[in-house]
Enquirer: 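Structure below; questions to follow.
Counting convention: from 1, in listed order, for ligands and their atoms alike. Position 1 is the first residue of the sequence, and the numbers go up from there.
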Amino acid sequence: MATISQKPKLVTIFGGSGFVGRHLVQALTKRGHRVRVACRNPNLAMHLQPLGNVGQVHAVQANLRNRASVDRAVAGADHVINLVGILHESGRQTFDAVQDFGARAVAEAARAAGAKLTQGSAIGANLDSPSDYARTKALGEKAALETVKDAVIIRPSIIFGPEDKFFNRFANMARFSPFLPLIGGGETKFQPVYVGDVAEAYARSVDGTLKGGKVYELGGPEVLTFRQCMEEMLEVTYRKRWFVTIPWSVARLQGRILGMLPGRLLTLDQVKQLGNDNVVSEAAIKDKRTLPGLGIAQHSLAAMLPAYLWRYRPAGQFTRKQLL
Ligand SMILES: NC(=O)c1ccc[n+]([C@@H]2O[C@H](COP(=O)([O-])OP(=O)(O)OC[C@H]3O[C@@H](n4cnc5c(N)ncnc54)[C@H](OP(=O)(O)O)[C@@H]3O)[C@@H](O)[C@H]2O)c1
């Protein structure tokens, strides 16, 4: 962990109550910073308070769709981090409202407050993408950089860790289903990155180690296809399952239907995202805008998955240590 020789800062994290947020709060409080967690429902962020000393972490109500609440959450902050992202739309939570206009609201508030800005994005962000998630992530990057010239953009590949929505979801599915679906044969490539490594990169942005105006791409130590990710998950959970290839045309139809049902197991937009590999670009590697470039050691799936997927193993296959 990097040490800092700077005075404690006040850092506002929009979306700090989410998956990456809780690990980032921990990385920042360890450095002695004060953290203001801004989210729509601060009551759901109470679990974060024990991650710091008394008074070091506090939650405030803010909605990226409400400019006044964004301004209040940013007031007095030295650094603002925007971790808000949505996987599917629901009511007024549209991709454009949250990931484009919301990102612009955060950037304008940061500029008005004279605060530094780190904008959370995702590998695959592209203004021309057919996926609304990826297109609005790119618009959010553009809004951040147009408004705050030295903003830092962080684009991770798929993030894994104890609270992830990817490996946990498929490990849970494998408990009940004899089949696992592979859209388009499961050939899409990912570079799964550990949540602690992602949080460390964000914390180093607060340290001032990352270059302003640049886009950093974060991936783990290995590139795996979706199918290989599922194989790794099955090995860790001691299960054998059949893979069923879902042709792209069928997946698109499923996405259209399931995307309208409660729970939104799969959306058309997610199927569109799977059309492109999700790995760190050669340009980012060359410019050292990556985890190794920052000197952050990447945790592998093999090292980290057993620590939290063990609970999906068949009964009787936990180790004694895990049960105690
Ligand atoms: N997880 C991944 O695999 C992954 C991969 C690449 C990039 N990313 C990006 O990394 C960032 C963090 O991801 P995550 O997995 O930590 O997300 P997450 O767990 O879904 O957290 C999202 C956060 O955003 C808040 N939020 C949602 N709508 C909001 C709104 N209108 N106003 C204010 N807050 C709002 C949520 O809290 P409330 O609901 O209480 O408001 C929550 O704290 C996101 O930008 C995501 O797109 C994630």
Enquirer: In this structure, would Val35 and Val198 fall into the same cluster of hydrophobic residues linked by side-chain contacts under 4.5 Å?
Expert: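 In one cluster: yes.
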Enquirer: Could you check whether any side-chain N or O of Arg241 sits under 3.5 Å from a backbone N or O of Ser177, counting only pairs where one atom can act as donor and the other as acceptor?
Expert: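 Yes.
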Enquirer: With a 3.5 Å cut-off and sequence neighbours excluded, list the donor-acceptor pairs that the side chains of residues 38-45 form with protein atoms.
Expert:
unit_1 : atom_1 : unit_2 : atom_2 : d
Asn41  : OD1    : Asn43  : N      : 3.3

Enquirer: What short N/O contacts, under 3.5 Å, does ligand 1 make with the protein, listed by atom pair and distance?
Expert:
unit_1   : atom_1 : unit_2 : atom_2 : d
ligand 1 : 3 (O)  : Ile159 : N      : 2.9
ligand 1 : 16 (O) : Phe19  : N      : 3.2
ligand 1 : 16 (O) : Val20  : N      : 2.8
ligand 1 : 19 (O) : Phe19  : N      : 2.9
ligand 1 : 19 (O) : Lys165 : NZ     : 3.2
ligand 1 : 20 (O) : Lys165 : NZ     : 3.1
ligand 1 : 28 (N) : Gln93  : NE2    : 3.0
ligand 1 : 31 (N) : Asn63  : OD1    : 2.9
ligand 1 : 31 (N) : Gln93  : OE1    : 2.9
ligand 1 : 32 (N) : Leu64  : N      : 2.9
ligand 1 : 37 (O) : Ser17  : OG     : 3.4
ligand 1 : 39 (O) : Arg40  : NH2    : 2.7
ligand 1 : 40 (O) : Asn41  : N      : 3.4
ligand 1 : 41 (O) : Arg40  : N      : 2.8
ligand 1 : 41 (O) : Arg40  : NE     : 2.8
ligand 1 : 43 (O) : Gly15  : O      : 3.3
ligand 1 : 43 (O) : Ser17  : OG     : 2.6
ligand 1 : 43 (O) : Gly18  : N      : 3.2
ligand 1 : 45 (O) : Leu83  : O      : 3.3
ligand 1 : 45 (O) : Val84  : O      : 3.3
ligand 1 : 45 (O) : Lys137 : NZ     : 2.7
ligand 1 : 47 (O) : Tyr133 : OH     : 2.8
ligand 1 : 47 (O) : Lys137 : NZ     : 3.1

Enquirer: Picking from Phe167, Phe243, Phe170, what satisfies ring pair (Phe, Tyr, Trp, His ring centres under 6.0 Å) with Phe226?
Expert: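 Running ring pair (Phe, Tyr, Trp, His ring centres under 6.0 Å) over Phe167, Phe243, Phe170 with Phe226 returns exactly one hit, Phe170.
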Enquirer: Residues two or more places apart in sequence or in another chain: which of them pass salt bridge (Lys or Arg N to Asp or Glu O under 4.0 Å) with Asp96?
Expert: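 Partners of Asp96 under the salt bridge (Lys or Arg N to Asp or Glu O under 4.0 Å) test: Arg135.
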Enquirer: Side-chain donor-acceptor contacts of residues 248-268 below 3.5 Å, not counting sequence neighbours, with atom names and distances?
Expert:
unit_1 : atom_1 : unit_2 : atom_2 : d
Arg264 : NE     : Gly259 : O      : 3.2
Thr267 : OG1    : Gln270 : N      : 3.1

